[in-house]
Amino acid sequence: MCGIIGYTGKGDAKEIMLDALELLEYRGYDSAGIALLKDGRTQMIKRAGRVKDLRNLCARINPEGQCGIGHTRWATHGGVCDENAHPHRFGSVTLIHNGIIENYRELIDKYELEGSLISETDSEVVAAVLQHFYQGDPYSAIRRTVLKLKGTFALAIMFDDQPDQIFAVRNVSPIVVAATADGAILSSDVAAIVPFTTDYFVMPELHVVCLKPDKIEMYDLSGDHAKIDWLKVDWDVSRSGKGGYPFYMEKEIMEQPQVIGETILPRVKEGMPDFSEEGIPDPVFADCKRICVIACGTAMHAGLVGKSLIQWVIGIHVDVVMASEFMYNDPVVDKDTLVIAISQSGETIDTLEALKFARKCGSPSISIVNVKGASIARASEYVIYTNAGPEIAVASTKAYTTQLAVLYLITARMALARGIWDEQKAKAFMEELLRVPGVIERVLETKEEIHRLAGCIINARDVFMIGRGLDYSILLEGSLKLKEVSYIHSEAYASGELKHGTIALITEDTPVIAMVTQEKLKSKELSNIREVQSRGARVVLLMKEGETLNEGEQWSCVYRLPVMEDPFMVMPASVVLQLIAYYVSLDKGLDVDKPRNLAKVVTVE
Ligand code: M6R
């Protein structure tokens, strides 16, 4: 987690870093700090709080320099306080760190550091070990230190006597590097690089990069020169920024018709699903005997929808496994199991590790990733990018619906590759999929009506969401969204499970959001709704336009969803749930984009 930035060049390093840290703040926002190296002296300014607090502090101190490193922290080792904020300094070494050093305790003992450290962090220990090995040769010190570290790290390092130079090394945690018009820059992700250039490279693991104002050099750990593989950011840079909305979350919700279209359209050739651009041959879809989806959070919820679709159309077994639990249940994957890893950031460490394990077991793999060139994309055999563009709000919205779009495409291609569907059947499915952007547009036009619905739950302490089948899968995501941005406790329940205990919690003060979009489940679902109504619950009902409700029934609130074929109803329904969560958070006056305790990219286990 944590955002990191480094710059050396002719510009004002402080301003460049503060601007970059604001862009990176979604990675963590417990504390922030910068260090500037000038004339052999390093000046550090850091504090608990947001980047705006750091900016105010910098305005008072006014540090100068053209070479510096900066950090925005999501606390792991050590509480949220000024001392634990990065950068950390030991002797002539100053560094910032993203990741976790697992053996930091052993290193403290081995290098007798007890009593000489200022913070409680594992990162300061790394600075101390570097200092221990440093005798004027940064490469040698970094190499020797890295060999002692266990865990994950992205480190940007300055040495007082190496003017204008920043060194970087990483294991698992990402670092991207680029040349600017007047210098060189590194960061934990491309968001901070996009204002300067669209050309960048992802540092390979266990290599050392040296940034100088006019040069970027890279070496492997044996000291040999390494070749740099340059990439291009191919998202529309104008999409960065809030585009006039008060929060990124609203902007990203509103972008969905466009980005879903941009995810689907390049993969439709003559009305058929097509992954030839991705180079995925049909046998990958045709030969697998089962599928295992690995993902976390929202991405895992997308996987649940994928499971329903694939089991329905293809009739093969699909497991959806929380990547964070994958390794603890003796995973059974083999060459006949197609592994699908889903991740917006492409950096979630649990998903990455599970994917690597599956590949070692011989499983073919496809990843569905949003960020180009991310670790998960590189670790899988094939990658399908969601073209959602940068997603900045911590709560995922457009990444989720574009992941769903890719899962519909995979289902259709798989049905064709296995001879389950003929062209006509696939075409009809694709026509419905192509309607999705327009249908979502219609939902977005009703956002004020959804805003009023949000009013039905804003004062609740607990909210339940009930549905069956696909409705239940979407509600799991709707409930996560509500919890994450509004801090209202919420549970999604499979309606049939309610009677097995949870209905005891339903009272007159418990709003229940009920979803009924699947014709075959409608009558059972309506009975379950009546059961909670009889216990006094206020029901907010989401159902299709044109559906009839029984006369005389009392509904607190109803929202009518534009009609699609049943398997596609998840799309408009998800957007309604996203907007409900957004408006509750907005009206509660919360920081919608940066909910407490969270970070956008989860690079620690
Ligand atoms: O980057 P990823 O898609 O791998 O992230 C997985 C989860 O951390 C993420 O979906 C998280 O649940 C979101 N904050 C939910 O809105």
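These numbers were taken from a predicted model, which means no experiment stands behind them. We count ligands from 1, going down the list as the structure has it; atoms in each ligand are counted the same way. These values consider heavy atoms only, across backbone and side chains, with no hydrogens, waters or symmetry-generated copies.
Between the side chains of T402 and T263, not a single donor N or O lies within less than 3.5 Å of an accepting N or O. Looking at T386 and Q403, their side chains never bring a donor and an acceptor atom within 3.5 Å of each other. Side chain to side chain, Y582 and E250 meet the donor-acceptor criterion of an N or O pair below 3.5 Å. Side chains of N84 and T121: a donor-acceptor N/O pair is absent below 3.5 angstrom, by distance only. T502 and E497 share no side-chain donor-acceptor pair at under 3.5 Å.
Close approach of ligand 1 to S343 is summarised as follows: ligand atoms under 4.0 Å from at least one heavy atom of the residue are 1 (O), 2 (P), 3 (O), 4 (O). For ligand 1, the atoms sitting less than 4.0 Å from at least one non-hydrogen atom of T298 are 10 (O), 12 (O), 13 (C), 15 (C), 16 (O), numbered in the order shown with element in parentheses. The ligand atoms of ligand 1 that sit less than 4.0 angstrom from a heavy atom of A395 are 16 (O).
Between D229 and F201 there is no side-chain heavy-atom pair separated by less than 4.5 Å. Considering only heavy atoms from C-beta on, E25 stays 4.5 Å or farther from D593 through its side chain.
Scanning all protein heavy atoms for the shortest distance to atom 1 (O) of ligand 1 gives S345 OG, 2.6 Å. Remark: minimum distance from atom 6 (C) of ligand 1 to any protein heavy atom is reached at C296 O, 3.3 Å. In this structure, atom 3 (O) of ligand 1 lies nearest to the protein heavy atom Q344 N, 2.6 Å. At the shortest separation from atom 8 (O) of ligand 1 among protein heavy atoms lies V602 CG2, 3.9 Å. In terms of protein heavy-atom proximity, atom 14 (N) of ligand 1 is closest to E484 OE2, 2.8 Å.
No N or O atom of T351 sits closer than 3.5 Å to an N or O atom of ligand 1. At under 3.5 Å, not a single nitrogen or oxygen of G346, backbone or side chain, sits near a nitrogen or oxygen of ligand 1.
Under 4.0 Å from ligand 1, not a single heavy atom of K600 appears. Under 4.0 Å from ligand 1, the heavy atoms of K481 that appear belong solely to its side chain.
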May I have the step-by-step check of ring-ring contact (aromatic ring centres under 6.0 Å, His included) for F275 and F285, ending in yes or no?
CA-CA 11 Å; F275 289 113; F285 297 115; 5.8 Å; yes
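The residue from T348, T386, L352, L598 that puts a heavy atom closest to atom 2 (P) of ligand 1 is T348.
By the 30° and 60° cut-offs, the orientation of the rings of F357 relative to F326 is perpendicular.
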